Amino acid sequence: MKTENRKRKAEKSMRWTPALLFTFCLLLSAGGAAWAQSRDWEKEWNETLAGAKREGKVVVAGSPDPVMRNEIVPKFMSRFGIPVEFIAGRSSQIVARVATERSAGIYSIDIYLAGPDTTANTLYGDKLVDPLKPLLILPEVVDPAKWKTGKPWFIDPEERYVLRPFRSVANLLFINPDHVKPEEMRSSKDLLNPKWKGKISTEDPTTTGAGANLASRFLNQLGEEFVKRLYIDQKPVSTRERRQFTDWLARGTQPICLNCREDDVRPLQKEGFKILEIFELSDVAGAVNGSPWLLTLANKAPHPNAARLFANWMMSREGLEIYAKGYGSATLRTDVDESFLNPGNIPRPGANYFDDTDWKWVVKGRKETRSRVWKILKSR
Amino acid sequence: MRMPAASLPFPGLRVRLRAVHLAESLMLVFFAVVMGLPVLFLLWSSLNVAAPGKEAVYGLANWIRGFSDQGTLSALWMSFLLSVVRLIPAMILSVMVAWLIARTDMPGGNTLEFLCWFAYFIPDFPLVLAWILLLDPSFGFLNALAGALPFVEGPVFNPYSFWGIVWVHTSTNGIWFKVMLLTPVFRRLGASLEEAARVAGASNLVTLRRITLPVLAPMVLAVAALSLIRGLESFNTELLLGLPAGIYVYATRIYDYTRQEPPAFGEATALGSVFLLVLVVLSYFYWRYLRGKRFIVVTGQAYSTMRVKLGKWRYWALAGCLVYFAVMMILPLSFLLIGSFMRRYGFFDIASPFTVAHWRNLFMDAIFLSSLKNSLIIATATALAGIVLYSTVGYLVASRKSRGAELLDLFCWLPWVVPGILMSLGLLWLFLATPLRSVLYGSVWGIALAMTIKDSPVSTQAFKAAFLQLGPDLEEAARVTGASWGYTYRRILLPLVAPIAATVGLLNFGSALTSISTPVLLYSAQSRPLSILLMEYSFTGELERAAALGLLITLIISAMVLAGRRLGLKLTGS
């Protein structure tokens, strides 16, 4: 009996042994793979770093940018000992420069930090960029848990080229409450109140830029009649100088600003000016965008290792947090401190936003709608 | 100055003429390459109607689109109207001020001339904002003052209007540039003609109108033409003051095309071609007016620079100038200076409105020192190259009556008739197409060369006018005594045009420090000049720091002006 029992126990344990062995092996291999992977990325990272040091610099092109000039460049230098050369200019200037350089066989730029229009329609559209996705190796960058979107968000159709690290709720408009009571600006109809005739400022909606983009959004959401009444009947005031908008807003000359930039308004608020941002109206849904930039890797980058190093670091918590603080933009990382952000800029979970950096909208929808806006407004 | 070969009295003269002919040919080739090719490239590119990055397809679509755009013609008309309206009073005033400074015994002339230099290089963007602070209908300082008067109701001044733009233009670049160019030429005028007129009983004004101005016509007309072209190209002031009032100018439309995404350089070039047409028309009339006339005022004979005595009017004249300078320059400049020390430009009613933070931040900017060094190298190289190159061109254009010289004269106008950013694009293309691209592209030397090219209209016309004033007997006397052409040029001609050389050098120095559109496509991180830093500050809304940097640049130029004037005066022996 005892012998049988022992036999049964032995058979039972024999049945479990392969499973245990398998589990042990599995754990061992998983641990080994993780260990090996950790060793792999470290090895690759160190090789990239060494290569970047040999290359001596990384060349980044983008709009004039105080955060880049004052914070990113010195931080990257102190972190890796590699200087960042920042070529600043309007998108049109950068594009013209790159196109002419390339026609002469010169490739001087490593990384582009550009807005959605330039990135989607020119850099990606004209095939000036290389896939970036395979070059991301820092564990904190590739770790899905570190991203609100479950992974680094590549927004191009192939999901390899154009990396979007920001998603902030954009201001719809700003008001000076000394002149416009918040309750006077609840719905889009309030913008059409004759009381505000000549009191609204906007970037020129008949040229490319923020003015035309917002007008396109209005056309898309509110229709042609609204666009006509707002941009023609209300006689909004335009300028090409962004500082003038915020000065008008602060002084109350034009107390409703459709295209003031948040980084221009923030210093005014710090100075004690009572300026209110309005993110949405009852009949105009809030919008999110990818401001301040989308990141792409130039093809035939002259400093490929330095470019890879920069892209990885820029997407790290340290890199993005500097930008988030500098611009007040919400990043897509889960570990970036957002306590310093205006809560209104942080997208609400589950809320339905119009995405102004949506690929299809940027490539097709906005262009078409903008053409319709121009047709409507130029016939005035 | 050119002599027919058959009548050459000296065998050496043939060699000299061959050398001059060679110099002319070389210059013609050089300018055809550096000025003609970029323009041709732009014109050719404007015919490419394919989408960017796609294979070229040629057609007229860009041109049709540019000119069929609603508002283009009205904008062109507005530009002409604004240019002409502000040109006429500004020219009259400039001639008067230059005459008072250079030809009369009005006290303080040198100081006034220096102030013109100072005013010219003050960046116009913060200066326009200063005028807005003074004249805005809602909060303008002068409107508030006027409103305090019992008989005034509502705002008196409005900068956002046609006349507001004319007024602000008169302040920002109305007479300074013209006085700077005209004064040395007036100064060079020998007094013998004026003395003869006075002996014949002519009054000072009649002498100025009938004798002085006709003799100085080449420079006066050149300055008027330069000002007209600059007026047509101007858009900074119009962007700030015109748009709020719905006033669009032609240059704004070109500007809009260049900053589109993707940029529409084809349409911009098409619209820019109108400037080329204006240039051709102006050149024709200029050439017709000067044809067959002589403007020699400096000869080897008796030369007197005795000044016109104004008597008791000298103080009235000074008072008039001072009032003009005070209103047009000191008033907005004070606001600009104060603005650089304000926490927010123009906001006096915030708590503790003043700060030195913008100046401190400027000097603390990590790239400030390297940018300053680059700017000084670029500006010095541009000034020296400009003097050497354009004194030769000016001499050739003034002394030779060949087709080559006329063509050379025309080429030298091109950089100003092509909008800045387009010229920069053309030069970028040119630099990259040459074997010297490793030296020129992205280096301070490339930017200096581009700036030298960009300044060619004013430099050439200034030297040309100066050489037209010199009599041929000076050169001939030197030759008779055995002097080589190089020796004659160095020891006789150059000292005589030294004030103009100093003016051209300083003008080039200043514009190399302040120009943004030319270096913007050509700089690299190693060659970034101060003007690009200024652009970055303006672009990102750091207006106060931009004002501080603008003032600093103006101070650097002013120091150079003082030094340069001393050098110029020393060379002339004055």
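No hydrogens, no waters, no symmetry mates; every other heavy atom, side chains included, goes into these values. In this text the structure is predicted, and so the values were computed from the model without any measurement. Chain identifiers are assigned alphabetically (A, B, ...) following the order of the sequence lines, protein sequences preceding nucleic acid strands; residue numbering begins at 1 within each chain.
The minimum heavy-atom distance linking A/His179 with A/Trp196 is given by the pair O-CH2, 3.6 Å.
To the nearest 0.5 Å, atom CZ of residue B/Phe354 and atom CZ of residue B/Arg343 are 11.5 Å apart. Rounding to the nearest 0.5 angstrom, the gap separating the OG atom in A/Ser238 from the OH atom in B/Tyr248 is 5.5 Å.
At a 4.5 Å heavy-atom cutoff, the contact between B/Leu522 and chain A is made by backbone atoms alone. Heavy-atom distances place both the backbone and the side chain of A/Gln93 under 4.5 Å from chain B. Proximity to chain B (any heavy atom under 4.5 Å) is shown, for A/Ala96, by both the backbone and the side chain. For chain B, the nearby parts of A/Glu101 are the backbone and the side chain; heavy atoms of each come within less than 4.5 Å. For a residue to count as touching a neighbouring chain, one of its non-hydrogen atoms must lie under 4.5 Å from one of that chain's; by this rule B/Thr258 touches chain A with the backbone only. Contacts of B/Tyr257 with chain A are absent, with no heavy-atom separation under 4.5 Å from either backbone or side chain. Heavy atoms of A/Thr246 lying under 4.5 Å from chain B belong to its backbone as well as its side chain. Using a 4.5 Å cut-off between heavy atoms, A/Asn70 touches chain B through its side chain atoms alone. Of the two parts of A/Asp65, only the backbone, made up of N, CA, C and O, holds a non-hydrogen atom closer than 4.5 Å to a non-hydrogen atom of chain B. If you measure heavy-atom distances from B/Arg545 to chain A, the contacts under 4.5 Å come from the side chain alone. Looking at A/Lys57, only its side chain comes within 4.5 Å of chain B, counting heavy atoms on both sides. Of the atoms belonging to A/Thr100, heavy atoms from both backbone and side chain fall under 4.5 Å from chain B. In this structure, no portion of B/Phe431 lies under 4.5 Å from any heavy atom of chain A. B/Ile516 does not touch chain A: none of its heavy atoms, backbone or side chain, sits under 4.5 Å away. Residue A/Ile106 touches chain B through its side chain alone, counting heavy-atom pairs closer than 4.5 Å. Only the side chain of A/Arg69 comes within contact range of chain B, with heavy atoms under 4.5 Å apart. In this structure, the portion of B/Tyr255 lying under 4.5 Å from any heavy atom of chain A is its side chain and not its backbone. Looking at B/Leu430, there are no atoms closer than 4.5 Å to chain A (heavy atoms on both sides), in backbone or side chain.
Residues B/Phe141 and B/Phe348 are not in side-chain contact: their nearest non-hydrogen atoms beyond the backbone lie 4.5 Å or more apart. Using a 4.5 Å heavy-atom cutoff, the side chains of B/Glu536 and A/Met68 are not in contact.
Between chain A and the residues B/Asp136, B/Ile532, B/Val520, B/Leu240, the largest count of heavy-atom pairs under 4.5 Å involves B/Leu240. Ranked by heavy-atom pairs under 4.5 Å with chain B, the list A/Gly89, A/Ala99, A/Pro66, A/Gly105 is led by A/Pro66. Heavy-atom pairs under 4.5 Å with chain A peak, among B/Tyr523, B/Trp429, B/Phe265, B/Tyr345, at B/Tyr523. Among A/Arg102, A/Glu85, A/Arg243, the residue with the largest count of heavy-atom pairs under 4.5 Å with chain B is A/Arg243. By number of non-hydrogen pairs under 4.5 angstrom with chain A, the leading residue of B/Leu428, B/Ile367, B/Thr252, B/Ile350 is B/Leu428. Note on A/Ala88, A/Ala250, A/Gly115, A/Gly125: by heavy-atom pairs under 4.5 Å with chain B, the leading option is A/Ala88. Each of A/Ile94, A/Leu128, A/Asp247 has some count of heavy-atom pairs under 4.5 Å with chain B, and the biggest count is that of A/Asp247.
Remark: side-chain polar atoms of B/Thr72 are paired, donor with acceptor, to backbone N or O of B/Gly66 under 3.5 angstrom. Between the A/Asn289 side chain and the A/Asp356 main chain, no donor and acceptor come within less than 3.5 Å of each other. Distance alone, capped at 3.5 Å, places no donor-acceptor pair between the A/Asp110 side chain and the A/Val58 backbone. The backbone N or O of B/Val249 sits nowhere less than 3.5 Å from a side-chain atom of B/Glu238 that would complete a donor-acceptor pair. In this structure a side-chain-to-backbone donor-acceptor pair under 3.5 Å is present from A/Asn299 to A/Lys127.
With respect to A/Asp117 and A/Lys367, no salt bridge is recorded, no charged nitrogen being found less than 4.0 Å from a carboxylate O.
Annotation: cation-pi geometry not satisfied between A/Arg251 and A/Phe273 (NZ/CZ under 6.0 angstrom from ring centroid, within 45° of ring axis).
Inspection of the B/Glu542 and B/Thr540 side chains reveals an N or O donor paired with an N or O acceptor under 3.5 Å. A donor-acceptor pair shorter than 3.5 Å cannot be found between the side chains of A/Gln254 and A/Ser201.
A/Trp248 and B/Tyr160 have perpendicular rings, their planes meeting at more than 60° on a 0 to 90° scale where under 30° would count as parallel.
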